[in-house]
Protein chains: 2
Amino acid sequence: HYNTRNGGCVNPAKALDLLRSVLQGAMNKEIKKVMDKYRHFFDAAAQNIRDNYGEKSVSESNIMSTFQDAMEQAKEIFKSDETSSIASGKTEGEDIKDEPVR
Amino acid sequence: HYNTRNGGCVNPAKALDLLRSVLQGAMNKEIKKVMDKYRHFFDAAAQNIRDNYGEKSVSESNIMSTFQDAMEQAKEIFKSDETSSIASGKTEGEDIKDEPVR
């Protein structure tokens with residue numbers, strides 16, 4: 001029951017967003033672990049750029065910005081089944097053979 | 001060497017974004033696994049809303065939209081150390097005790 005206290009109608013999007021906000025910290029923790037595994041690729045690329053173009057050519061904020069872009073692109077995972085093959089277990093350029101963990 | 005072929009100057013952001021695009025499929029696969037673990041919370045909430053407000057009150061697209069919002073909020077992980085405590089291992093409302101996986 002979502003409208004007992006304030007007497008208002010339920011807003012499904014708001015109810016789901018409340019749940020999301022409660023879980024966001026835990027989700028962030030796990031997403032960070034995933035992204036930390038990829039961090040060394042970006043560090044190596046950044047070092048290569050620095051070696052060739054100088055220390056100032058690439059900064060930590062370039063890498064952080066790239067990781068934020070990765071989160072933006074990860075939204076593609078959650079496009080609806082009707083409009084995308086990604087949500088059903090495939091990503092661009094790579095077949096995913098694992099079963100979804102539920 | 002990033003400018004051998006086209007003779008242009010290196011753009012660090014573009015070089016890092018190229019690497020990101022190469023790795024995005026693999027990252028998406030792992031992020032999807034993380035989010036699939038949380039899916040049942042949202043299914044349960046959606047069922048509760050449906051039980052109380054009817055079958056049409058909440059849809060799969062509401063849940064997908066919420067997951068996209070979760071990706072948006074996950075960008076907070078990658079705000080620079082200077083401006084946020086999250087990148088250094090803490091998330092709002094939760095202390096992270098695990099060491100970063102590198």
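In this text the structure is predicted, and so the values were computed from the model without any measurement. Just so it is clear: chains get the letters A, B, ... in the order the sequence lines come, proteins before strands, and each one is counted from 1.
The CE atom of B:M27 sits 9.5 Å away from the CD1 atom of A:I77 when rounded to the nearest 0.5 Å. To the nearest 0.5 Å, the span separating CE on B:M71 from CD on A:Q68 amounts to 13.5 Å. B:F78 contributes atom CZ, which lies 8.5 Å from atom CG of A:N28 (distance to the nearest 0.5 angstrom). Once rounded to the nearest 0.5 Å, the distance linking CD of B:E76 with CD1 of A:I31 reads 12.5 Å. The line from CE of B:M64 to CG of A:L16 is 10.5 Å long, rounded to the nearest 0.5 Å. Note that the CZ atom of B:F67 and the NZ atom of A:K79 stand 14.5 Å from one another [nearest 0.5 Å].
In this view, A:E30 and B:K37, B:Y38 satisfy the side chain to side chain donor-acceptor pair (under 3.5 Å) rule, not counting sequence neighbours. In this view, B:D17 and B:R20 satisfy the salt bridge (charged side-chain N to carboxylate O under 4.0 Å, His left out) rule, not counting sequence neighbours.
Among all heavy-atom pairs drawn from A:S57 and B:P12, the shortest one is O-CG, 2.6 Å.
A single hydrophobic cluster is seen to contain both B:I63 and B:F41, as judged by linkage of ILVMFWY side chains at heavy-atom distances under 4.5 Å, directly or through other members.
Of the listed residues (B:V58, B:N62, B:L19), the one with the most heavy-atom contacts under 4.5 Å to chain A is B:L19.
Contact of the A:L23 side chain with the B:F42 side chain is registered, since non-hydrogen atoms from C-beta on lie closer than 4.5 Å.
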